[in-house]
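Take a look at the structure below.
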Amino acid sequence: MTVEAFPAIEEEAAGSFRSRPWIALRAILQREALRFIGQRGRLVAALVRPLVWLFVFAAGFRATLGLAITPPYQTYITYEIYIVPGLTGMILLFSGMQSSLSLVYDREMGSVRLLLTAPLPRWWLLFSRLLAGSLIAVVQAYAFLAIAALYGIRFPWFGYLAAAPAILTAALMLGALGLLLSSFIRQLENFAGVMNFVIFPMFFLSSALYPLWKMAEASPRLRDLCALNPFTHAVELIRFALYAKGNLPALAVTLTAFIVFGLVAIWGYDPARGLAARKA
């Protein structure tokens with residue numbers, strides 16, 4: 001082998017090293033996609049809960065809740081139209097917690113430990129897993145929106161396109177929360193208890209089911225709690241996006257929550273100083 005061949009070998013090795021993160025990302029995306037396809041009841045299970053709210057509870061609340069004209073709406077709306085963005089957020093919330101559960105299960109089985117020993121930055125591996133789960137959540141959310149459209153609850157066609165980045169952003173934020181929680185949860189048996197203290201307060205103390213001004217009529221303090229909830233801003237981000245309108249405050253809060261949850265989750269999975277190390 002000539003001396004001139006060494007630069008070519010080094011360049012090829014460097015190119016291979018640079019492509020490793022993308023190879024890992026593709027492998028994780030494929031694994032999660034195959035797992036989602038293989039679990040045939042997962043999509044149905046994700047849709048049952050919001051569809052019950054849409055078909056049953058919304059019909060009962062329609063006559064009792066009057067909704068004023070507030071942005072992004074330009075006319076009076078039915079209660080079903082109001083709660084569809086909130087129920088879309090519900091799907092993303094439960095999907096993020098489902099990803100948290102699968103992480104705890106994979107950690108018990110040893111596959112997460114094997115994944116995190118790969119010669120790649122830990123944050124990239126966790127982000128790849130987070131992105132895979134978030135994309136699956138987006139698919140579930142659009143499946144729900146399609147069923148809602150068949151039911152007669154439709155939005156402008158360009159709103160469905162504009163909502164994609166908003167839904168993905170909300171899914172990443174809620175997935176990062178699930179990733180953070182998975183660093184606390186050491187056993188599957190503890191999962192249900194922790195989720196009850198996260199999912200239900202986060203969902204009900206939000207604008208998913210009732211507008212904030214309705215909350216203020218009942219209790220100003222309750223309204224303030226809902227306004228501090230990052231899930232509220234994720235729902236409002238989706239609500240405005242479905243009408244192709246922006247909501248910069250909601251976007252800022254959602255992105256900030258995503259960054260904070262993500263950074264704490266990365267710290268939590270650090271074996272040297274994280275939560276997982278202290279609880280091992």
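Keep in mind it's a predicted model, so treat the numbers as computed, not measured.
Here Phe258 contributes atom CZ and Ser134 contributes atom OG; the two are 7.5 Å apart, rounded to the nearest 0.5 Å. The distance from atom CG of Leu87 to atom CD1 of Ile153, rounded to the nearest 0.5 Å, is 8.5 Å. Between the CZ atom in Phe261 and the CD1 atom in Ile266 there is a gap of 14.0 Å [rounded to 0.5 Å]. Distance check: Leu228 CG to Asp224 CG gives 7.0 Å after rounding to the nearest 0.5 Å. Atom CD of residue Gln30 and atom CZ of residue Arg35 lie 14.5 Å apart, to the nearest 0.5 angstrom. A distance of 10.0 Å separates OG of Ser95 from CG of Leu135, quoted to the nearest 0.5 Å.
The two atoms that bring Leu47 and Ala143 nearest to each other are CD1-CB, 4.2 Å, heavy atoms only. Among all heavy-atom pairs drawn from Phe158 and Ala244, the shortest one is CD1-CB, 3.4 Å. The minimum heavy-atom distance between Ala141 and Thr88, with the atom names listed, is CB-CG2, 3.7 Å. Heavy-atom minimum distance, Pro230 versus Val253: CA-CG1, 4.4 Å. Ala208 and Phe231 make their closest contact through CB-CE2, 4.0 Å (heavy atoms, listed as atom of the first residue, atom of the second, distance). Nearest heavy-atom pair, Tyr82 versus Ser207, reported as atom, atom and distance to 0.1 Å: OH-O, 2.8 Å.
Tracing side-chain contacts under 4.5 Å through hydrophobic residues (I, L, V, M, F, W, Y), one reaches Phe127 starting from Leu25; they form part of the same cluster. One hydrophobic cluster, built from ILVMFWY side chains closer than 4.5 Å, cannot hold both Leu212 and Leu222; they sit in different ones. Val84 and Leu161 fall into different hydrophobic clusters, where Ile, Leu, Val, Met, Phe, Trp and Tyr residues are linked whenever their side-chain heavy atoms come under 4.5 Å apart, directly or through other members. Under a hydrophobic-cluster definition in which Ile, Leu, Val, Met, Phe, Trp and Tyr are linked whenever side-chain heavy atoms come within less than 4.5 Å, directly or via other members, Phe200 and Leu93 are assigned to the same cluster. Put simply, Leu131 and Trp22 are part of the same group of oily side chains (I, L, V, M, F, W, Y) that touch within less than 4.5 Å, one to the next.
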Apply side-chain contact (heavy atoms from CB on, under 4.5 Å) to residues Arg129 and Glu32 and explain how you reach the verdict. CA-CA 8 Å; Arg129 181 66 183 266; Glu32 293 304 310; 3.4 Å; yes
Kindly determine whether Tyr160 and Arg154 satisfy side-chain contact (heavy atoms from CB on, under 4.5 Å), including the steps that lead there. CA-CA 9 Å; Tyr160 291 102; Arg154 300 181 179 91; 4.2 Å; yes
After noting the C-alpha distance and the side-chain angles of Leu209 and Tyr79, does the key distance pass the side-chain contact (heavy atoms from CB on, under 4.5 Å) rule? CA-CA 9 Å; Leu209 301 178; Tyr79 184 62; 3.8 Å; yes
Full working for ring-ring contact (aromatic ring centres under 6.0 Å, His included) between Trp267 and Trp123: CA-CA 9 Å; Trp267 178 81; Trp123 67 266; over 10 Å; no
Given the rule in the side-chain contact (heavy atoms from CB on, under 4.5 Å) test, do Glu236 and Phe240 qualify, once you have shown the distances and angles that lead to the verdict? CA-CA 6 Å; Glu236 294 305 309; Phe240 276 73; 3.9 Å; yes
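Put simply, the side chain of Asn229 gets close to the backbone of Leu205: a donor and an acceptor are under 3.5 Å apart. Side chain of His233 to backbone of Ala227: a donor-acceptor contact under 3.5 angstrom is found. In terms of modelled atom types and a separation under 3.5 Å, the side chain of Arg221 and the main chain of Ala216 share no donor-acceptor contact. The backbone N or O of Arg26 sits nowhere less than 3.5 Å from a side-chain atom of Arg31 that would complete a donor-acceptor pair.
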Determine all donor-acceptor pairs shorter than 3.5 Å in which one atom belongs to a side chain in residues 162-180; sequence neighbours excluded.
{"residue": "Thr169", "atom": "OG1", "partner": "Pro165", "partner atom": "O", "Å": "2.7"}

Do any side-chain atoms of residues 50-60 form donor-acceptor pairs under 3.5 angstrom with protein atoms, and if so which ones, sequence neighbours left out?
none

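Counting heavy atoms from C-beta outward, Ser128 and Trp124 have side chains that approach closer than 4.5 Å. At a threshold of 4.5 Å between non-hydrogen side-chain atoms, the residues Pro85 and Ile83 do not count as touching.
Not counting sequence neighbours, the partners of Phe155 by the ring pair (Phe, Tyr, Trp, His ring centres under 6.0 Å) test are Tyr243.
Evaluated for a side-chain contact (heavy atoms from CB on, under 4.5 Å) with Phe94, the options Met90, Met97, Gln98 yield exactly one hit, Met90.
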